[in-house]
Amino acid sequence: QVQLVESGGGSVQAGGSLRLSCAVSRYTDSSYCMGWFRQAPEKEREGVAAINRDGSTYYADSVKGRFTISQDNAKNTLYLQMNSLKPEDTAMYYCAARVLSGCYLGSWSYRRLYDYWGQGTQVTVSS
């Protein structure tokens, strides 16, 4: 069982920055994929970024060049640095974990492949 707890959300103006954190109850020595998803009101939950155990990363086109996913295995923490925020980034952000398998280019953003989810942290960007 893996528990995920997100923090760091808040309200910012367009152009501002936020850093989200996800505390992971335990990391495994096996392959895994850690991801960030978001869901805006009345919209589908969508993949934002993902990272493999080896540090390789994937990003949605809408956030490339603005967001950076990273992990600190010593602290069991996943991060999402969000810069140049836009009003359309407003959403609930979720941390997710897929165990025993890594992330892949064609499937990292598929929600059904993730085994564990956090409760989410709200990000609101005003214009």
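The structure presented is a predicted model; accordingly, all values stated were derived computationally and were not measured.
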Partner set under salt bridge (charged side-chain N to carboxylate O under 4.0 Å, His left out) for [X], not counting sequence neighbours:
| X | value |
| --- | --- |
| R66 | D89 |
| E42 | none |
| E88 | none |
| D61 | K64 |

List for me each residue that meets side-chain contact (heavy atoms from CB on, under 4.5 Å) alongside [X], sequence neighbours excluded, and say none if there are none.
| X | result |
| --- | --- |
| A96 | F37, Y114, W117 |
| S109 | none |
| Q122 | T90, M92, T124 |

For the side chain of [X] and the backbone of [Y], is there at least one donor-acceptor N/O pair under 3.5 Å apart?
| X | Y | value |
| --- | --- | --- |
| T77 | K75 | yes |
| E6 | G120 | yes |
| D54 | S56 | yes |
| N52 | G55 | no |
| Q71 | N76 | no |

Test: disulfide (SG to SG under 2.5 Å). Region: residues 55-127. Which pairs qualify, not counting sequence neighbours?
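Matches after skipping sequence neighbours: C22-C95, C33-C103.
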Taking the side chain as C-beta and beyond, is there a heavy-atom pair between W36 and L78 under 4.5 Å?
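W36 vs L78: side chains touch.
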- [ ] Check whether any side-chain heavy atom of V2 sits under 4.5 Å from a side-chain heavy atom of V24, and report yes or no.
- [x]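 Of all side-chain heavy-atom pairs linking V24 with V2, at least one is under 4.5 Å.
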Original post:
For V48, which of Y58, Y94, Y93 qualifies under side-chain contact (heavy atoms from CB on, under 4.5 Å)?
Top reply: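 The side-chain contact (heavy atoms from CB on, under 4.5 Å) with V48 is passed solely by Y93 among Y58, Y94, Y93.
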task = State, to 0.1 Å, how close K43 and Q39 come at their nearest heavy-atom pair, and which atoms those are.
result =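 Between these two residues, the closest heavy atoms are O-NE2, 3.1 Å.
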If two hydrophobic side chains count as joined below 4.5 Å and joins carry through other members, does [X] share a cluster with [Y]?
| X | Y | result |
| --- | --- | --- |
| W108 | V99 | no |
| Y32 | L113 | no |
| L105 | I69 | no |

* Asked: Please, which pairs that meet salt bridge (Lys or Arg N to Asp or Glu O under 4.0 Å) have at least one residue in residues 111-127, sequence neighbours excluded?
  ->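 Found E44-R111.
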Per-pair distances, 0.1 Å, donor-acceptor, side chain in residues 79-87, under 3.5 Å, sequence neighbours excluded:
{"from": "Q81", "atom 1": "NE2", "to": "N83", "atom 2": "OD1", "distance (Å)": "2.9"}
{"from": "N83", "atom 1": "OD1", "to": "S17", "atom 2": "OG", "distance (Å)": "2.9"}

Fill in: CA sep, side-chain torsions, deciding dist, call: L20, V123, side chain to side chain contact (heavy atoms under 4.5 Å, CB included)
CA-CA 9 Å; L20 305 184; V123 172; 4.0 Å; yes
Next on the checklist: Using 0.5 Å steps for rounding, measure from the OG1 atom of T57 to the CZ atom of F67.
Outcome noted: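 T57 atom OG1 to F67 atom CZ measures 14.0 Å (nearest 0.5 Å).
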S101: side chain to side chain donor-acceptor pair (under 3.5 Å) partners, not counting sequence neighbours:
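Testing S101 for side chain to side chain donor-acceptor pair (under 3.5 Å), a comparison that skips the adjacent residues, returns R98.
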Check: With E46, which residues qualify under side chain to side chain donor-acceptor pair (under 3.5 Å), at least two apart?
Finding: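 In terms of side chain to side chain donor-acceptor pair (under 3.5 Å), with neighbours along the sequence ignored, E46 is linked to R38.
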